[in-house]
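Have a look at the structure below before the remarks.
For this chain, numbers begin at 1 and follow the sequence in order.
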Amino acid sequence: MVRFVPTVCPYCGAGCGLLLVARDNRVIGTRPWQRHPVNEGKLCIKGWNAHEFIHHSERLTAPLIKDGQSFREASWEEALKLVASRFGEIKEQHGPGSVAILSSAKCTNEENYVIQKFARAVVGTNNIDHCARLCHAPTVAGLVASLGSGAMTNPIGDLEQSDCILVIGSDTTSQHPLVAREIIKAKERGAKLILADPRAIQLSKQADIFLQLKPGTEIALLNGIMKVILERGLEDKEFIARRTEGIEDLTNTVKDYPLEQVEQITGVKAKDIEEAALTYGQAERAAIVYAMGITQHTTGTANVMSTANLALLTGNLGRTGTGVNPLRGQNNVQGACDLGALPDVLPGYRSVTDDAIRAEVAGLWGVASLPSEAGLTVVEMLDAAAEGKIKAMYIIGENPMLSDPDTSHVKKGLENLEFLVVQDIFPTETAQLAGVVLPSACWAEKEGTYTNTERRVQLSRKAVEPPGEAVSDWEIICRLAKAMGFADLFPYTSAEEIFEELRKVTPQYAGMTYERLNQPEGLVWPCPTEDHPGTPILHVDQCSRGKGKFQAVGHEAPAEEPDEEYPLILTTGRVASQWHGGSMTRRSPTLNNEFPRSYIEINPQDAKKLGVVNGDLVTVVSRRGEIETDALVTDRIELGVVFMPFHFVEGAANLLTNPALDPISKIPEFKVAAVRVSKAS
Ligand code: SF4
């Protein structure tokens with residue numbers, strides 16, 4: 001009999017409602033959920049083909065233990081006994097700070113909660129982080145500082161009500177297609193679309209104003225726009241007086257951004273900047289949408305603050321069709337952050353350095369104390385591994401060998417570990433380096449909740465059994481905790497039991513229950529009590545921090561600029577049919593056939609200078625590595641800039657990218673690296 005099982009799409013943060021079509025123990029297709037508030041009966045190519053990797057022959061089906069250069073299958077008992085004893089020995093010899101754990105933005109909320117609890121209560125470390133560090137850590141840091149909450153302010157569906165949408169640093173049609181649908185709907189209603197991006201992406205065809213800026217010049221552009229808004233008296237004086245602080249600092253800073261100078265820095269014509277400022281400044285309801293083109297810079301946090309400055313300056317906050325709207329990457333990156341898979345905060349963004357909060361959480365968990373020092377972030381963990389300070393890592397559902405910057409350095413760090421455990425659904429490039437590999441269930445094989453980019457918590461149901469010996473990530477953690485002597489801290493027999501515990505320590509989720517979540521629209525946090533309807537729009541009467549704070553920030557050049565040796569700027573991103581490190585999409589025949597190979601976009605004038613034509617194999621070299629890939633000669637990209645997607649292990653862009661960090665959020669500068677390109681010999 002065919003069953004239609006309600007789940008959430010496993011790819012992007014839009015969190016579309018997906019029905020898995022299951023017959024016996026196989027998923028044979030997907031259907032969009034008609035009543036779902038985000039996708040309203042639509043799916044993008046990834047959603048339509050999300051089932052293709054579930055029964056792939058390369059799924060991990062049994063625990064594996066490294067034996068010489070290869071792996072041998074082991075029982076759960078043997079594998080977990082080995083992991084427990086090695087973690088125990090390393091903790092004993094070198095202290096809890098010598099162990100680091102990467103959680104996963106693909107895992108459910110319940111799993112992220114259990115993983116961070118394991119790190120803090122069993123291992124005794126705050127060395128817990130996940131890939132949010134590599135995409136939206138600046139959003140959390142920047143929006144908290146400006147507004148008091150590090151999340152998308154408005155629902156996705158709200159965009160349709162905007163009069164003007166500024167999309168900056170987001171290839172929305174490729175990365176979040178169902179969000180792009182709302183932008184197009186707004187356009188059809190008569191809204192103006194301003195696009196700021198280094199590439200002429202698909203949205204540039206719909207844009208009323210296209211600002212093709214150099215990567216790493218976003219603050220200069222936004223300061224130029226705000227200078228015009230102030231000069232023309234388009235700021236919302238009443239909103240500024242009543243609901244903000246620090247306007248003088250902002251006014252003084254943007255004075256130094258005359259449009260001629262902004263044009264020089266950004267490469268965008270002064271008249272276009274002025275037109276964008278007037279269009280945004282005069283709109284009744286203006287929304288900002290951004291993604292990793294804003295965050296993946298050494299100025300990532302300042303870039304985010306700059307977007308908040310623009311919204312505050314024009315009073316575009318707390319109303320339908322307005323707001324600052326970061327589009328989160330993975331399907332549960334919002335939830336992984338909410339549930340404390342971060343080195344400095346417990347669930348609910350409550351600081352690990354706050355004695356009272358630690359005591360409250362320790363009391364609930366039944367442990368004497370919790371570690372009080374903030375732990376290491378993703379890149380810091382791998383640096384510490386390379387230096388021999390981190391001795392063991394437990395990597396769950398992440399593949400740093402493809403997703404982190406400067407892959408050679410990542411490999412060196414992982415190879416330098418005394419013990420590496422990888423828990424995943426496929427034998428990834430990172431899993432190849434592990435001492436033990438643990439097989440986990442994918443999203444279709446377990447129950448749990450996911451939180452999408454607009455803070456919507458949604459219940460996903462189990463459609464089929466996992467393959468072989470694989471079990472859900474939370475069950476593996478519970479078994480491991482038991483093997484380490486901590487069974488009483490992890491007594492759960494279902495995801496719902498975990499949810500009942502996590503909502504006690506996560507104020508934003510306090511009023512949610514599985515019963516309440518059992519509806520297509522889920523619930524949007526904050527939802528503090530069981531009779532609270534949820535909060536689709538943040539900062540309505542006041543900002544979460546009280547007054548919105550203007551954070552005056554100035555332009556700073558990227559960590560690496562082009563020079564004679566490396567004359568081009570490399571920027572990276574995604575294509576619509578692939579996803580992240582490709583472990584799922586490259587095993588989905590339909591998706592992989594759409595875009596099966598790595599490539600580099602080169603401007604025709606640069607290509608001519610290099611003697612390169614479309615389809616040539618080229619060598620791309622940065623200070624960190626060298627790869628070969630296919631040239632795509634196109635005027636989509638500006639002179640002096642080249643673009644690569646980062647999904648492909650053959651031609652891996654992250655061998656080239658720069659690990660220089662934003663000092664506040666510790667995100668690496670994926671979006672700007674100096675490279676040289678030549679025809680491959
Ligand atoms: Fe899945 Fe995102 Fe596509 Fe929706 S837009 S179907 S969540 S990949």
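- A donor-acceptor contact closer than 3.5 angstrom links the side chains of Gln578 and Asn592.
- The structure places CD1 of Ile168 at 4.0 Å from CD1 of Ile294, a figure rounded to the nearest 0.5 Å.
- Arg623 and Asp406 are not joined by a salt bridge, as no carboxylate oxygen comes within less than 4.0 angstrom of a charged side-chain nitrogen.
- Nearest heavy-atom pair across Gly611 and Asp616 is O-OD2, 4.1 Å.
- Not one N or O on the side chain of Asn49 forms a donor-acceptor pair closer than 3.5 Å with the backbone of Glu52.
- Between Tyr257 and Lys227 the shortest heavy-atom distance is O-CD, 3.1 Å.
- A cation-pi arrangement, defined by a distance under 6.0 Å to the six-membered ring centre and an angle within 45 degrees of its axis, is present between Arg199 and Phe643.
- Open room surrounds CZ on Arg597; 12 or fewer heavy atoms of other groups in view lie less than 6.0 Å from it.
- Side-chain contact check for Thr430 and Asn399: at least one donor-acceptor pair (N or O, by modelled atom type) lies under 3.5 Å.
- The CG atom of Asn325 sits 8.5 Å away from atom CD1 of Ile288, with the distance rounded to the nearest 0.5 Å.
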Next on the checklist: Under the criterion side-chain contact (heavy atoms from CB on, under 4.5 Å), I'd like the reasoning laid out for Arg181 against Glu40: C-alpha separation, chi angles, the key distance, then a yes or no.
Outcome noted: CA-CA 11 Å; Arg181 176 173 168 261; Glu40 300 174 315; 3.1 Å; yes

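- Counting non-hydrogen atoms of other residues, nucleotides and ligands closer than 6.0 Å to CD of Gln202 gives a total of 12 or fewer.
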Item to check | Test side-chain contact (heavy atoms from CB on, under 4.5 Å) applied to His297 and Val672, step by step | outcome: CA-CA 7 Å; His297 294 277; Val672 187; 3.9 Å; yes

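- In this structure, Asn309 contributes its side chain and Gln551 its backbone to a donor-acceptor pair below 3.5 Å.
- For the residue pair Ala291 and Leu327, the shortest heavy atom distance occurs at CB-O, 4.1 Å.
- Looking at every heavy atom in both residues, Ala660 comes nearest to Ala559 through CB-CB, 3.6 Å.
- For the residue pair Asn332 and Lys106, no side-chain donor N or O sits within less than 3.5 Å of a side-chain acceptor on the partner.
- Remark: Ile184 CD1 to Thr173 OG1 distance equals 7.5 Å, nearest 0.5 Å.
- A donor atom on one side chain and an acceptor atom on the other are not found under 3.5 Å apart for Asn303 and Ser306.
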Checklist entry - Between Leu617 and Glu628, does a side-chain contact (heavy atoms from CB on, under 4.5 Å) hold up when you go through it step by step? => result CA-CA 7 Å; Leu617 190 67; Glu628 287 190 346; 3.5 Å; yes

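- In summary, the side chains of Asp662 and Ser665 do present a donor paired with an acceptor at a separation below 3.5 Å, with no hydrogens or angles considered.
- Rounding to the nearest 0.5 Å places CZ of Phe210 at 10.5 Å from NZ of Lys205.
- Between Ile209 atom CD1 and Asp272 atom CG the span is 7.5 Å, to the nearest 0.5 Å.
- Surrounding CD of Glu231 are more than 12 heavy atoms belonging to other residues, nucleotides or ligands, all under 6.0 Å away.
- At most 12 heavy atoms of other shown residues, nucleotides or ligands fall within 6.0 angstrom of atom CZ in Arg232.
- In this model, no donor atom of one side chain and acceptor atom of the other lie less than 3.5 Å apart for Asn452 and Arg455.
- Classified by interplanar angle (parallel below 30°, tilted 30° to 60°, perpendicular above 60°), the ring pair His136/Tyr290 is tilted.
- Of all heavy-atom pairs between Pro400 and Val410, the closest is O-CG1, 3.8 Å.
- Side chains of His409 and Asp383: a donor-acceptor N/O pair is present below 3.5 angstrom, by distance only.
- Enclosure of atom NZ in Lys411 is not indicated, since only 12 or fewer non-hydrogen atoms of other residues, nucleotides or ligands lie within 6.0 angstrom.
- For an aromatic pair to be called close, the ring centres must be under 6.0 Å apart, and Phe53 with Trp443 satisfies this.
- In this structure, the separation between SG on Cys9 and OH on Tyr450 is 10.5 Å, given to the nearest 0.5 Å.
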Checklist entry - For Lys214 and Thr217, what are the C-alpha separation, side-chain angles and deciding distance, and is it a side-chain contact (heavy atoms from CB on, under 4.5 Å)? => result CA-CA 6 Å; Lys214 282 189 203 140; Thr217 63; 3.9 Å; yes

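- Side chain of Glu560 to main chain of Ala674: a donor-acceptor pair is present (N/O by atom type, distance under 3.5 Å, no hydrogens or angles).
- Side-chain contact annotation: Thr298 with Glu669, donor-acceptor N/O pair under 3.5 Å present.
- Nearest approach of Ala287 to Leu159, heavy atoms of both residues: CB-CD2, 3.9 Å.
- For the pair Arg456 (side chain) and Pro155 (backbone), a donor-acceptor distance under 3.5 Å is absent.
- Although no hydrogens or angles enter the test, the distance criterion places no donor-acceptor pair under 3.5 Å between the side chain of Asn154 and the main chain of Ile537.
- When atom types are taken as modelled, the side chain of Asn603 and the backbone of Ile637 share a donor-acceptor pair closer than 3.5 angstrom.
- Within 6.0 Å of CD on Glu556 lie no more than 12 heavy atoms contributed by other residues, nucleotides or ligands.
- For Glu380 and Lys666, the salt-bridge test passes: some basic side-chain N is under 4.0 Å from an acidic carboxylate O.
- Although no hydrogens or angles enter the test, the distance criterion places a donor-acceptor pair under 3.5 Å between the side chain of Thr322 and the main chain of Arg319.
- Panel note: side chain Asn223, backbone Val254; no donor-acceptor pair is recorded below 3.5 Å.
- The shortest distance between side-chain heavy atoms of Val268 and Val262 does not fall below 4.5 Å.
- Looking only at distances, no side-chain donor or acceptor of Ser170 sits under 3.5 Å from a matching main-chain atom of Val167.
- In the model, Thr590 has no side-chain atom that pairs as donor or acceptor with a side-chain atom of Ser588 under 3.5 Å.
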Checklist entry - Are Glu601 and Arg636 close enough, and set up right, to give a salt bridge (Lys or Arg N to Asp or Glu O under 4.0 Å), and what steps lead you there? => result CA-CA 8 Å; Glu601 290 180 4; Arg636 271 207 297 259; 2.8 Å; yes

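- At least one donor-acceptor pair closer than 3.5 Å links the side chain of Asp163 to the backbone N or O of Arg285.
- Using a 4.0 Å cut-off between a side-chain N of Lys or Arg and a carboxylate O of Asp or Glu, Glu182 and Lys185 qualify as a salt bridge.
- In this structure, the side chains of Leu342 and Cys337 come closer than 4.5 Å at one or more pairs of heavy atoms.
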